[in-house]
Amino acid sequence: MAEQKLPTRAEDFSEWYNQLVLKAELADYAPVRGCMIVRPYGWALWENIQQALDRRFKATGHVNAAFPMLIPKSFIEKEKSHVEGFSPELAVVTIGGGEKLAEPLVIRPTSETIIGHAYAKWIQSYRDLPLLINLWNSVVRWELRTKLFLRTLEFYWQEGHTAHATFEEAEFETRQMLDIYTDFAVNEAAVPVIPGRKTAGERFAGADQTYSIEAMMGDGKALQAGTSHNLGQNFAKAFEIRYLDKQGQLQHCWTTSWGLSTRFIGAIIMVHGDDQGLILPPRLAPFQVVIVPIFKNDEEKGPVMDLARKIRADLVASDIRVKLDERDGLTPGFRFNDWEMRGVPLRMEVGPKDVAKGSVVLARRDRPGREGKTFVTLDGLPATVSKALVEIQAALLARATQFRDSKTHHPTDFAEFRTCVESGFALCFWCGSEACEARAKEQTKATIRCIPFATEPANGACIVCGQPAAEKALFGKAY
RNA sequence: CGGGGCGUGGCUCAGCCUGGUAGAGCACCUGGUUCGGGACCAGGGGGUCGGAGGUUCAAAUCCUCUCGCCCCGACCA
């Protein structure tokens, strides 16, 4: 329950986020530093994210499976750049059942290696390909600086792992899954994202190519919201994932992996939230509508609750996720603020006047205050509510897109660049050298988030060194 | 690992300088009055003051050590 106001986003965006996550009961701190407890409201949101993604995965031929959390340490060490990338952040189990283990076990930071081991056994022929498996699990990475949802030691996600006969098929898969993430982000979460290619320095440890979707948060900073990797034949060679082709030749497979995590919840919070609290996109909100009954005494309570329960049943029958606030002893004003803080997209007020008039009050979360209230009749209420939810979903996407575009600049010299990345994104020419990438980071803390697919082919001067450049990179300060 | 800050009921903190055996607000419980934008009154429960050691007749307070957390600098979904 909310007890106090949040700091405003302008005052302290970071603190606004921290307090909101706790007060909205999305998550709580765990006894171990850097770990989080995902509370029921937060998990309900994650479940809706899972469903939206899972049906897209299934529709493209993927199946779910479960792999163990413990991985032999030697597995991690088989792929050179994979070890280098992950060894600093591994949690290692050295004792089991009171005995020191002959070989230490790592708690999976990701499952490429154990997948490689299994795929090597399962794949013999081109007829076994493609192999398209997804895992819903949690992984552990020993991070130094943590923040609820955005970066915790353990986090929940899905990781897809596929094996293919050719580079082209693997590349198609990698891009297809990024497209799915984009579609999910835009159409389910109302989070506008920029899909693109990562630079070599930002690539996944062990990948030939990493693609990501990048979103802008309410403070102008970037958040990587999902990634898809073309692993080439790196893991296939390290784990001997081979198949016999139609010509009877033994070939190494081409593999991919792709993931989206509970970090995305952080994106939803920071993209849509306002100074009153969360604003959840209707398609993912655990409760799409909250009914707040209003009455002064038992005399009024009976008819009000009867109507409220009937409305709830009607909405449920129309597949609308609805919550009836039946808590005792709270004033309506308190409930309004409480549910606004929790981001329920639509509030319905049902009081004695409504019982008398055959109407209810609807209040849109994206238009706070009394001004956003409208009176609607009970006739066709489920349809009215559904229509409002669709409108809110669209309004959130439009607002977030407008915000992001207004803070995405196209600087042409470094001084201008420096100013742009203080408050948003800079989309500008980059010559492709790691030196320029590093120099920009040193001087401004902004990194290349991705090289967007969408930029028109053109030529210009690198924002850092002024040398000829053939592509534009998206720069921003990142979470 | 370097720099800065903090550990006192569930939460935010006061008390520490100048030792005398623990307080406020919020939250929680009970009863009553309230209720269409964060109600009010009355009563009540809850803390070995992060931990260990020391000084002292007496330690939340002074001394030593230790543990933990938060913020800022090098990795990451």
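Every chain is numbered from 1, with letters handed out A, B, ... down the list of sequences.
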Check every strand shown and say whether A/V139 touches a base, only sugar-phosphate, or nothing at a heavy-atom separation below 4.0 Å.
nothing

Could you please name the partner base of B/rC69, counting Watson-Crick and G-U wobble pairs only when both distances are under 3.5 Å?
B/rG5

With no angle test and no hydrogens, is the base of B/rG38 tied to the side chain of A/D338 by a donor-acceptor pair under 3.5 Å?
no

Take A/F57 and A/W258 through the test side chain to side chain contact (heavy atoms under 4.5 Å, CB included) and record every step on the way to the result.
CA-CA 11 Å; A/F57 298 161; A/W258 27 275; 3.8 Å; yes

Against the six-membered ring of A/Y479, is A/R151 placed for a cation-pi contact (under 6.0 Å from the centre, within 45° of the normal)?
no

When the P atoms of B/rG23 and B/rA60 are compared, how many Å lie between them, rounded to an integer?
13 Å

Rounding to an integer number of angstrom, what distance separates B/rG51 and B/rA42 when you compare their C1' atoms?
41 Å

Could you check how far CZ of A/R342 sits from P of B/rG38, rounded to whole Å?
18 Å

Nearest-nucleotide check on RNA chain B, A/Y29 vs A/V361; residue mapping nearer the 5' end is A/V361

What residues from residues 343-352 of chain A pass a heavy-atom cutoff of under 4.0 Å to RNA chain B?
A/R347, A/E349, A/G351, A/P352

If you take all heavy atoms of A/L278 and A/R342, which pair is closest and at what distance?
CD1-O, 3.5 Å

Just how far, in rounded Å, is C1' of B/rU12 from CD of A/Q19?
10 Å

For A/K78, which residues count as a salt bridge (Lys or Arg N to Asp or Glu O under 4.0 Å) partner, sequence neighbours excluded?
none

Between A/L90, A/V106, A/L105, A/V93, which is the residue that forms a side chain to side chain contact (heavy atoms under 4.5 Å, CB included) with A/I71?
A/V106

When you compare B/rG19 with B/rA24, how far apart are their P atoms, in angstrom units rounded to a whole number?
24 Å

Find the distance A/L6:CG to B/rU12:P and express it as a whole number of Å.
15 Å

Just call it for A/K445: base, sugar-phosphate, or nothing, with non-hydrogen atoms closer than 4.0 Å on any strand.
sugar-phosphate

Assess whether a salt bridge exists between A/K310 and A/D306, defined as any Lys/Arg side-chain N lying under 4.0 Å from an Asp/Glu carboxylate O.
no

Euclidean distance for C1', B/rG2 against B/rU48 (whole angstrom)
37 Å

Expressed as a whole number of Å, how far does the P atom of B/rG20 sit from that of B/rG32?
43 Å

Starting at atom CG of A/L22, determine the distance to atom C1' of B/rG10, rounded to an integer number of angstrom.
13 Å

For A/F336 and B/rG38, give me the distance from atom CZ to atom P, rounded to whole Å.
9 Å

Please report the distance separating the C1' of B/rA27 from the corresponding atom of B/rG38, rounded so that it comes out in whole Å.
14 Å

Suppose the criterion is salt bridge (Lys or Arg N to Asp or Glu O under 4.0 Å): which pairs have a residue in residues 173-185 of chain A, not counting sequence neighbours?
A/R56-A/D183

Check for me whether the distance between the ring centres of A/F172 and A/W254 falls short of 6.0 Å.
no

Quick check: A/Y119 with A/F235 (ring centres under 6.0 Å apart)?
no

For A/S138 and A/E154, the nearest pair of non-hydrogen atoms, with its separation, is OG-OE2, 2.6 Å

Minimum heavy-atom separation for A/L324 to A/A308, with atom names?
CD1-CB, 3.8 Å

Mind checking who B/rC57 pairs with, Watson-Crick or G-U wobble, both distances under 3.5 Å?
B/rG20

Measure CG/A/D328 against P/B/rU30 and give the value in whole Å, please.
10 Å

C1' atoms of B/rG54 and B/rC11, separation to the nearest Å:
34 Å

Tabulate atom names and distances for all N/O pairs under 3.5 angstrom spanning the protein and nucleotides 75-77 of chain B.
residue: B/rC75; atom: O2; partner: A/E143; partner atom: OE1; Å: 3.3
residue: B/rC76; atom: O2; partner: A/R151; partner atom: NE; Å: 2.7
residue: B/rC76; atom: N3; partner: A/R151; partner atom: NE; Å: 3.1
residue: B/rC76; atom: N3; partner: A/R151; partner atom: NH2; Å: 3.2
residue: B/rA77; atom: O3'; partner: A/Q224; partner atom: NE2; Å: 2.8
residue: B/rA77; atom: O2'; partner: A/Q224; partner atom: O; Å: 3.4
residue: B/rA77; atom: O2'; partner: A/R263; partner atom: NE; Å: 3.3
residue: B/rA77; atom: O2'; partner: A/R263; partner atom: NH1; Å: 2.7
residue: B/rA77; atom: N6; partner: A/T152; partner atom: N; Å: 3.2
residue: B/rA77; atom: N6; partner: A/T152; partner atom: O; Å: 3.0
residue: B/rA77; atom: N3; partner: A/S261; partner atom: OG; Å: 2.9

For RNA chain B, the residues among residues 292-312 of chain A that have a non-hydrogen atom under 4.0 Å from it
A/I294, A/F295, A/K296

Only pairs with both distances under 3.5 Å count, Watson-Crick or wobble alike; so what is the partner of B/rC75 in this structure?
none

Identified pairing partner of B/rC26, criterion: Watson-Crick or G-U wobble below 3.5 Å:
B/rG10

Spacing between A/R335 atom CZ and B/rU34 atom C1', to the nearest angstrom
13 Å

Side chain to side chain contact (heavy atoms under 4.5 Å, CB included) for A/I49 and A/I268? Distances and angles first, verdict last.
CA-CA 11 Å; A/I49 292 171; A/I268 290 171; 4.1 Å; yes

Could you state the atom-to-atom distance from CG of A/L330 to C1' of B/rG36 in whole Å?
15 Å

Under a 3.5 Å limit on both distances, the Watson-Crick or wobble mate of B/rC35 is none

A/E391: salt bridge (Lys or Arg N to Asp or Glu O under 4.0 Å) partners, not counting sequence neighbours:
A/R364, A/K387

Distance between the C1' atoms of B/rC29 and B/rC65, in whole angstroms?
42 Å

Side chain to side chain contact (heavy atoms under 4.5 Å, CB included) assessment of A/N137 paired with A/R108
CA-CA 10 Å; A/N137 60 18; A/R108 64 180 167 221; 3.4 Å; yes

